[in-house]
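Written below as C-alpha cells is the structure these notes are about.
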Amino acid sequence: MNVFNYFRGVVETALDELVAAGRLPKGLDTAKVTVEPPRDPSHGDLSTNAAMVLAKPAGLKPRELAEGLAERLRGAGSVETVEVAGPGFINLRLADDFWRARVAEILRAGLHYGRSDLGAGQKVNVEYVSANPTGPLTVGHARGAVVGDALAGLLEKAGFAVAREYYINDAGAQVDTLARSAYLRYREALGEEIGEIPPGMYPGDYLKEVGGALAERDGPRWLEADETDWLPVVRGFAIDLLMRQVKRDLHALGVNQSVFTSERSLVEAGAVDEVMRTLEARDLVYIGVLEPPKGKKPEDWEPRPQTLFRATAFGDDVDRPLRKSDGSWTYFANDMAYHLDKFRRGFHRQIDVWGADHGGYVKRMQAAVRALTEEQARLEIVLCQLVKLSKGGIEVKMSKRSGSFVTLRELIEEVGAGVVRFVMLTRKSDAQLDFDLEKVLEQSRDNPVFYVQYAHARCRSVLRHAAEAMPHLPQGPTLAQVGLAGLTDSAELALIKQMAHWPRVVEQAAFACEPHRVAFYLYDLASGFHALWTKGKDDASLRFLLEEDPELTAARLALVEAVRATIASGLQVIGVQPVEELR
RNA sequence: GUCCCCGUAGCUCAGCCGGAUAGAGCACAGGAUUCCUAAUCCUGGGGUCGCAGGUUCGAAUCCUGCCGGGGACGCCA
C-alpha cells in the first residue's frame, strides 16, 4: 500500500462529501492536491495542502475550508488526530496500529514490497551504453550502463513493461578504422613486422587478440587481397568479437540487455529510406545551405547545399543535415531510423541514456521522434556526466591514446559489481561523480555502499542469533503472523514510517527518471535502523532479543525482517546483491 | 554568438511538476562499548540556497535578466 496515495483518496472522498453537502462548489480541479509526509515529523504523519490549493477557486478562506475538511477527516478510519496549522495545512496523525499493520504487509510482500502500478503495464524502451564496438568498455561507459539499468529496474518496479536495449554503432567511418587497425594486427599475427601503429588507427593491444583470432580462422588468405575485399570481412569479424567482450563485461556488471539493434542492418534493410519517404511525404526535407556555426569555426568551412530535416519546426535550433557529401547518410539520419524502428515495435515512450557530451543532440533527436511519429511517441533523454576516477585521493589519469585507460572489467575486478553499481548512483546522473577506488572499499559511514550493506548484514545477524537462541520463535515468512502490539517505542514506529515511504520513493523516482533517489533512500533507511540498534545499547529493554519476553521478541524480529526486506527490495531495483554478513 | 547542465554549511552533496523553522555525510568539539558486529550511535556549533527582479497566500524549487563554472554547436559516433 502506498499510504500517501491511499489517504489522498480519503481526502478526495471527504471533498466529495463537502460538495454533496453544498459546502463546496461542484467541478473543482483537485489535480494540485497532495498528501505528503511533512518535513517536520512533529507536524504529524501526513499533511495535505488541499485547503490552500482549493480556497481561491472555491471562494473560501483557506483556514475556513481547512476546518470543514478537517471535520470530515476526523471520522476517517485509522486517523487519530487532525489539526489545521499554518496557512491552512491539514496535518493527520495515524493510529499506531495502522503503522504496525505495515510491517505485516511488508513481510507478506517480501522482495515485491514497493511495487507500484503507476506504469499500468505501459511499454517503455530504455536504451543505454550503446558504445561503439571499437574496443573494450571503460569506466566512462560504466555510469551510463548502471544508470540505464537501474532506471529500467526502477520503471519495472513502478509497473512499466520495460525493454532494455543496446544500439550497436557498427556503421560509419569508425568501424572501418577498426577494420584497418585489426588488419594490421592480423598481418602482425602472421609474422609481419608492422612497426609503430600509424596515427588515426586504434593502437590498443586488445586488437592483437582480434588479429590473432582472424589469422587462426582464415590463415594468410587476406594478405594479398584488395582492401575492398578484406575490409568487410575483417570489420564484421572484429565487431563480432568485440561485441562478445562488451556483452561479457556488461554481464559481469549485472547488465543484460535483451535487444541489440545493429545500425548497419537497419541501414541495409532500407530503414533510412523509409525515414526519408516519411519526411518527404510531410514536406519536412529540403535542400538548403546552413549558416556557418558561430564561435569556433571549422577551418574548412564553406557554404554548401545539403539535404536538411526541418528540425526547427519541432523545437530544434537549426535544421539538421541528413546526408554527408559523399552521399551516405549522417549518423543522425541513421539514428532517426532506429528511433522510428522502436516506435514501430510499439514503444510510444522511449528513454535514451547518453553521455553529457551528447547534450547538443537532445533537441534534434526529440524533434525527430516527434516528427516521425506525428507526436505519438515521446523521447526522454537522461544525460550522464563524467566519472573522475581516483585512488586514495589521487586522480587516475586516463588517456585512450596512450592506452592507459581503465577498463570496466578491471574496475569490476578491483571493487566488485555491487560496489560499482551503488557508487554510480550516489550522485544524480547529470552531476560529475568522483569514484575513489580506495574509499569505496572503506568500512565506514562515509561509504554509502558499506553503510547500507552493513544494515542488511546486521538484520541477518539478529535473525541468525534469534534462530539459535530462541529456536521456538517464528522465522522467515511466518513472522507476518505474529502480534505486533509490542512495537510501541518511538524509534520503532519512526522506522516503520520510514519504510512506508518506499512505495512513494519508487513512484517519484520513476516519474522523474532518477534512480539515484533509491540509493539515497536506502542510505536514510539504513541510518534509521542503525540508530534503533544502538538505542538498544543504551536501553536494554529495547534490544531485539529478549529471552524473557518471546512475544515482544517475535514482534521485533518481524520489524527487523521488514527492514531487511525493504533494503533488499531497494537493492534489487538498482541491481545490487544484498550481503548476508560483512567480513 | 546560440543552446544545454551546474552554482545550497569550511569540504562533498541531497532536497526542485512551490508548502510550514532548508537537510545529510565529512571535518571540528564533546559523549556512549560486560551487550544482537562501537565497522555503529547520540549531542553541539556552523547558511545573504550565486545576484537582482517577477508570479504566488507561500519561492532553494517556477519565469526573466545578469555573474561565475562546465559542455555542445555542417558531412564524429
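When reading the values below, keep in mind they use all heavy atoms of this one structure, side chains included, and skip hydrogens, waters and symmetry mates. Since we're looking at a predicted model, the values are computed, not measured. Just so it is clear: chains get the letters A, B, ... in the order the sequence lines come, proteins before strands, and each one is counted from 1.
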Charged tip of A/R370 within 45° of A/F314 ring normal and under 6.0 Å: no
Distance from A/D434 atom CG to A/E395 atom CD, nearest 0.5 Å? 8.5 Å
So, does the side chain of A/R543 form a donor-acceptor pair with the base of B/C36 at under 3.5 Å? no
Is the NZ atom of A/K497 crowded by more than 12 outside heavy atoms at less than 6.0 Å? yes
Write down the distance separating the C1' atoms in B/G74 and B/G70, rounded off to the nearest Å. 24 Å
Both distances under 3.5 Å, Watson-Crick or G-U wobble: on that basis, could you give the dot-bracket string for RNA chain B, with [ ] for crossing pairs and | for other-strand partners? (((((((..((((.....[...)))).(((((.......))))).....(((((..]....))))))))))))....
So for atom CD, which belongs to A/E268, do other residues, nucleotides or ligands contribute more than 12 heavy atoms lying within a distance under 6.0 Å? yes
Using atom C1' in both nucleotides, what's the gap between B/G58 and B/G50 to the nearest angstrom? 23 Å
OP1 or OP2 of B/G15 versus the side-chain N and O atoms of A/K428: is any pair under 4.0 Å? yes
Residue pairs involving residues 317-340 of chain A (criterion ring pair (Phe, Tyr, Trp, His ring centres under 6.0 Å); sequence neighbours excluded): A/Y167-A/Y338
Output yes when at least one side-chain N/O atom of A/Y451 is less than 4.0 Å from OP1 or OP2 of B/C41, else no. yes
Whole-Å distance separating the CZ atom of A/R445 from the P atom of B/A27: 12 Å
Atom-pair distance (CZ on A/R364; C1' on B/C4), nearest Å: 13 Å
So, does the side chain of A/H516 form a donor-acceptor pair with the base of B/A14 at under 3.5 Å? no
P atoms of B/U64 and B/G47, separation to the nearest Å: 32 Å
Scan A/N91 against the nucleic acid and name what it touches under 4.0 Å (heavy atoms): base, sugar-phosphate only, or nothing. base
Quick check for you: among B/U12, B/C36, B/G19, whose closest atom lies nearest to any side-chain atom of A/D434? B/U12
I want to verify a distance call: between B/C3, B/G74, B/G15, whose nearest atom is closest to the A/R517 side chain? B/G15
Is the phosphate of B/U37 approached by A/H465 (side-chain N or O, under 4.0 Å from OP1 or OP2)? yes
Distance check needed: B/C73 P versus A/L290 CG, whole Å only. 14 Å
Give the nucleotide from the list B/U37, B/A77, B/C41 with an atom nearest to the side chain of A/A173. B/A77
Without hydrogens or angle criteria, can the side chains of A/S116 and A/R504 be said to hold a donor-acceptor pair below 3.5 Å? no
A/D319 side-chain N/O to A/A311 backbone N/O, donor-acceptor pair under 3.5 Å: yes
Side-chain N or O of A/R427 closer than 4.0 Å to phosphate OP1/OP2 of B/A14: no
Between B/G31 and B/G45, how far apart are the C1' atoms? Round to whole Å, please. 16 Å
Distance, P atom - from B/U8 to B/A60, rounded to whole angstrom: 15 Å
Return the value, rounded to whole Å, for the distance between atom CZ of A/R320 and atom P of B/U2. 16 Å
Nearest-angstrom distance from the residue atom NE2 of A/H456 to C1' of B/U40: 18 Å
Quick one: A/Y523 OH to B/G23 C1', roughly how many Å, whole number? 12 Å
So, is A/K56 near the phosphate of B/C57, with a side-chain N or O under 4.0 Å from OP1 or OP2? yes
note: A/M52, atom CE; B/C57, atom C1'; distance rounded to Å ~ 9 Å
Cation over ring face, A/R445 and A/Y454, 6.0 Å, 45°: no
Within the structure, does a side-chain N or O atom of A/W533 lie under 4.0 Å from either OP1 or OP2 of B/A38? yes
Can you tell me if the side-chain N/O atoms of A/K439 get under 4.0 Å from OP1 or OP2 in B/G25? no
From CG of A/L542 across to P of B/C35 the rounded distance in Å is 18 Å
Can you tell me how far C1' in B/G23 sits from the matching atom in B/C49, rounded to whole Å? 12 Å
Under a 3.5 Å cutoff, is there a donor and acceptor pairing between the side chains of A/N91 and A/E83? no
Under 4.0 Å: is that the gap between some side-chain N or O of A/K535 and OP1 or OP2 of B/C41? no
Using atom C1' of each nucleotide, how far apart are B/U48 and B/C67 to the nearest Å? 16 Å
Under the side chain to side chain donor-acceptor pair (under 3.5 Å) test against A/H456, which residue among A/R564, A/E580, A/E581 passes? A/R564
Rounding to the closest angstrom, what is the interatomic distance between B/C62 and B/G18 at atom C1'? 7 Å
OP1 or OP2 of B/U37 less than 4.0 angstrom from a side-chain nitrogen or oxygen of A/R458, does that happen here? no
